[in-house]
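What follows is one structure encoded as structure tokens, with my remarks underneath.
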Amino acid sequence: MQPRTIILATAALLSVLASNSVSAAAVPQERGLLHPELAGGHHGPAVYRRHHHDNNDDDDEDHNGKGHHHHKGHKHGKNHKGKGGKNKGSKNKKDDNSNKKGNDSGKKDDNNGKKDDSNGKKDDNNNGKKKKHTTTDGTSTEPTDSATTADAPTVTAVATTDSATVTSSASDSATSSWIFHTSPWTLSSNASEGEPVTAHSSSNPPMAFPCVDQLEQRTQKFLQSFDGGPEPSYSNPVSGYSLYHHDEPFLLDHGGILPKFEIAYESWGELNADKSNVILLHTGLSASSHAKSHPANTAPGWWEKFIGPGLAIDTNRFHVICTNVIGGCYGSTGPSSIDPKDNKPYATRFPILTIFDMVRAQFAMLDSMGIKKLHASVGASMGGMQSLAAALLFGDRVGKVVSISAAARSHPYSIALRFTQRQALMADPNWNKGFYYDKVPPHGGMKLAREIATISYRSGPEWEQRFGRKRSQPNTTPSLCADFLIETYLDHQGERFCLQYDPNSLLYVSKAMDMFDLSASVSAATAIRRARNTIRLQEGKGSSAPENAAIPPEEQAAACSTSAAPEESKDVLDNPKALLNDLKQGMKSMKDIPTLVLGIQSDILFPVWQQKEVADCLRSTGNKNVTYYELDSMYGHDAFLLEIINVGSAVKGHLELKE
């Protein structure tokens with residue numbers, strides 16, 4: 001075969017795309033196209049067979065007859081056409097049957113090929129005769145005697161306007177299968193000689209995108225489920241919690257109002273007679289009140305091994321209360337709750353709230369319980385912010401503080417990470433500016449937001465040791481979907497979370513974290529707003545509208561423009577010392593509260609220098625009871641969930657220390 005014919009035949013075969021099976025003969029050996037393990041091996045009759053992922057669990061067999069495994073949640077389907085992943089028509093069924101038969105014969109051909117190899121036999125050219133191969137237009141070609149094609153079967157392709165028709169024949173003795181290293185296509189030995197094949201005009205077949213298909217399939221399931229089908233889990237919070245009902249209007253720090261609200265809470269341990277043994281446990285961004293299992297909800301809680309008799313928070317000593325914050329979606333009032341004014345979900349009509357709003361709501365609940373002073377305010381991550389805020393707002397009602405992996409003010413890096421998550425979520429068309437209840441939720445954007453967040457929750461050293469550069473299927477062609485083990489891990493985290501937490505709650509609660517700042521100037525400005533709103537409410541005007549509600553939309557858009565730098569940015573950069581002094585002044589009210597500050601060296605979301613800043617500022621106020629620990633853990637920000645001994649012993653020691 002001439003080089004020109006070789007190139008034409010190879011290009012034609014690589015461009016073949018049939019709905020299920022395509023007939024073609026094996027192509028000449030070119031090491032750049034072969035799977036590395038098969039380069040230089042035998043070759044014989046073969047066809048392409050497309051591999052397509054769907055949401056089932058079964059796998060097609062690969063060329064070795066072994067299962068072709070991918071990460072959980074996907075399986076290979078035999079047919080694919082459009083979004084549904086299915087082909088129509090009886091022809092495809094016949095093709096599937098021919099594929100099965102072809103695969104069986106391919107195995108026999110492999111054995112024959114091995115036998116031929118051991119006997120040192122060549123193809124039909126051994127007899128010194130050249131075998132002619134006839135194309136569909138009646139022309140013929142002859143193989144050459146060149147070394148390049150001595151062992152290769154011949155293939156001739158005839159191109160048409162929109163596709164290529166391929167007929168082929170191969171040497172009788174070269175009968176083992178070739179596997180092309182071109183995902184998501186493989187070669188299988190099920191071609192029928194002389195059978196015409198239709199091929200696309202592109203140089204390579206299109207890739208399969210199971211990750212994209214999965215999003216589309218989930219959307220379709222939602223569209224089909226609105227007649228009483230399944231709902232996201234946050235729509236039906238797990239039972240086992242109690243509810244505090246606040247029936248009075250509640251003013252929020254940025255001008256909004258909740259006509260009434262509810263707080264979901266759970267508790268463990270006995271409350272003593274004078275109600276002085278209470279520990280208020282604050283949650284992270286997306287956690288529920290279920291920190292520990294109990295008879296009403298036996299599922300393990302998010303701090304299961306830290307709470308209980310003799311544990312870090314000893315329920316033989318303390319009565320522990322954990323709440324779901326307002327703005328959340330696990331029983332407490334949030335964007336998915338019903339606005340009593342029109343009996344529809346708040347959605348993005350829910351007012352902007354702050355960490356201080358969350359804490360003030362919690363203390364309103366404590367008031368209703370007759371709890372005048374906490375033994376301790378304890379929390380990690382956003383919960384650590386709340387524990388500090390409780391001490392700032394209600395210093396005379398907090399006995400001790402535990403703040404783990406938190407900060408006295410949010411810094412640019414963590415703000416940027418949360419902003420990126422919100423942008424990914426809001427870019428999902430299904431978000432619909434927050435009005436997606438009773439519609440398809442923005443599950444795609446939510447999944448991506450969670451994957452971004454997960455990157456900040458763990459550490460590089462842990463992932464280096466846990467995943468390294470390993471791929472989930474190292475013997476397959478790389479995929480643009482989840483391929484490396486770290487990618488499959490992130491994909492799993494996103495899948496697990498995207499329907500568990502309300503997307504609007506993520507927006508509001510994460511924004512509250514961004515705005516958190518204990519500085520004196522911030523507290524003073526907030527106090528002024530609260531006083532102004534209280535007066536308006538007492539005058540019967542209701543709460544003031546959110547601060548930007550009266551601003552024309554075009555001015556709001558201009559305020560969001562990135563073209564102009566903030567006026568105060570230069571002062572911020574030029575006066576870091578003044579900002580630090582402002583923070584110290586803001587924390588003066590905490591000077592008499594024993595405080596444990598705990599940081600994790602590998603934490604990139606809240607780096608240890610931010611916990612040092614908390615401890616240093618408290619000490620500068622004259623607080624003589626500040627304990628600072630820095631843990632050398634590889635688990636990053638999530639160490640507070642995983643380091644049971646190191647974190648637990650520090651917490652236990654601080655809570656049980658007698659003054």
Side-chain angles (χ1 to χ4, degrees), residues 52-57 70-75 77 82-85 208-238 284-288 324 327-331 334-337 344-348 350 417-457 479-483 487-511:
H52 171 66
H53 297 265
D54 60 22
N55 282 329
N56 300 314
D57 297 322
H70 287 254
H71 60 276
K72 295 180 180 179
H74 305 291
K75 78 171 184 180
K83 295 182 180 179
F209 289 94
C211 50
V212 177
D213 294 340
Q214 186 175 33
L215 294 177
E216 294 175 350
Q217 289 163 9
R218 185 157 54 225
T219 295
Q220 292 303 314
K221 287 180 180 178
F222 273 108
L223 292 173
Q224 296 167 8
S225 71
F226 291 131
D227 294 331
E231 298 179 4
S233 59
Y234 60 81
S235 299
N236 298 289
V238 182
L285 188 156
S286 59
S288 71
N324 177 226
C329 59
Y330 294 132
S336 60
S337 301
K344 295 179 181 179
Y346 279 104
T348 45
F350 194 81
L417 284 169
R418 288 186 289 269
F419 170 76
T420 306
Q421 294 170 49
R422 292 194 296 271
Q423 290 290 292
L425 172 52
M426 291 188 291
D428 188 325
N430 289 323
W431 179 62
N432 193 33
K433 295 185 177 180
F435 292 88
Y436 51 80
Y437 302 107
D438 298 325
K439 298 181 179 67
V440 177
H443 56 91
M446 193 65 167
K447 177 182 176 181
L448 180 56
R450 185 61 172 186
E451 291 175 357
I452 296 170
T454 302
I455 294 172
S456 68
Y457 294 158
S479 168
L480 294 181
C481 288
D483 184 30
E487 294 174 329
T488 63
Y489 171 76
L490 292 175
D491 184 74
H492 169 72
Q493 293 297 321
E495 282 291 320
R496 191 178 68 166
F497 185 76
C498 68
L499 298 179
Q500 286 185 352
Y501 194 70
D502 180 32
N504 281 338
S505 285
L506 177 64
L507 297 178
Y508 279 88
V509 177
S510 67
K511 186 63 179 182

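Sequence positions, counted from 1, serve as the residue numbers for this chain.
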(request) Considering non-hydrogen atoms only, spot the tightest contact between Gly328 and Val509 and give its length. (result) N-CG2, 4.4 Å

(request) Identify the heavy atoms of Leu506 and Leu285 that sit nearest to each other, and give their distance. (result) CD1-CD2, 3.5 Å

(message) Tell me the closest heavy-atom pair linking Gly434 and Asn504, and the distance in Å.
(response) O-ND2, 3.0 Å

(message) For Ser337, give me all partners under side chain to side chain contact (heavy atoms under 4.5 Å, CB included), at least two apart in sequence or on another chain.
(response) Thr333, Tyr346

(request) Give a yes or no on this: more than 12 heavy atoms of other residues, nucleotides or ligands lie within 6.0 Å of atom CZ of Phe435. (result) yes

(message) How long is the straight-line distance from CD of Gln423 back to CG of Leu448, given to the nearest 0.5 Å?
(response) 11.5 Å

(request) Could you list the residues that satisfy ring pair (Phe, Tyr, Trp, His ring centres under 6.0 Å) with Tyr457, not counting sequence neighbours? (result) none

(message) For the residue pair Gln493 / Arg496, report whether a side-chain donor-acceptor contact shorter than 3.5 Å exists.
(response) yes

(request) For Tyr508, enumerate each residue passing the ring pair (Phe, Tyr, Trp, His ring centres under 6.0 Å) test, keeping only those at least two apart in sequence or located in another chain. (result) Phe350

(message) If I compare all heavy atoms of Pro441 with all of Leu499, which pair ends up nearest, and what's the gap?
(response) CG-CD2, 4.2 Å

(message) I'd like to check the salt bridge (charged side-chain N to carboxylate O under 4.0 Å, His left out) partners of Glu451; sequence neighbours left out, ordered by chain and number.
(response) none

(message) According to side chain to side chain contact (heavy atoms under 4.5 Å, CB included), who are the partners of Glu495, at least two apart in sequence or on a separate chain?
(response) Gln214, Arg218, Lys447, Asp491

(message) So which atom in Asp502 and which in Ser336 form the shortest heavy-atom distance, rounded to 0.1 Å?
(response) OD2-CB, 3.6 Å

(request) Compare all side-chain heavy atoms of Asp428 with those of Met446 and state whether any distance is below 4.5 angstrom. (result) no

(message) Could you report the tightest heavy-atom contact between Tyr436 and Trp431, atom names first, then the distance?
(response) CD2-O, 3.4 Å

(request) Could you check if a side-chain atom of Arg422 sits within less than 4.5 angstrom of a side-chain atom of Ser510, using non-hydrogen atoms only? (result) yes

(request) Apply salt bridge (charged side-chain N to carboxylate O under 4.0 Å, His left out) to Arg450 and list each qualifying residue two or more places apart in sequence or on a separate chain. (result) none

(message) Within the 3.5 Å criterion, strictly below it, is a donor on Tyr437 or Asn432 matched to an acceptor on the partner's side chain?
(response) no

(message) For a 4.5 angstrom cut-off between non-hydrogen side-chain atoms, does His443 reach Thr219?
(response) yes

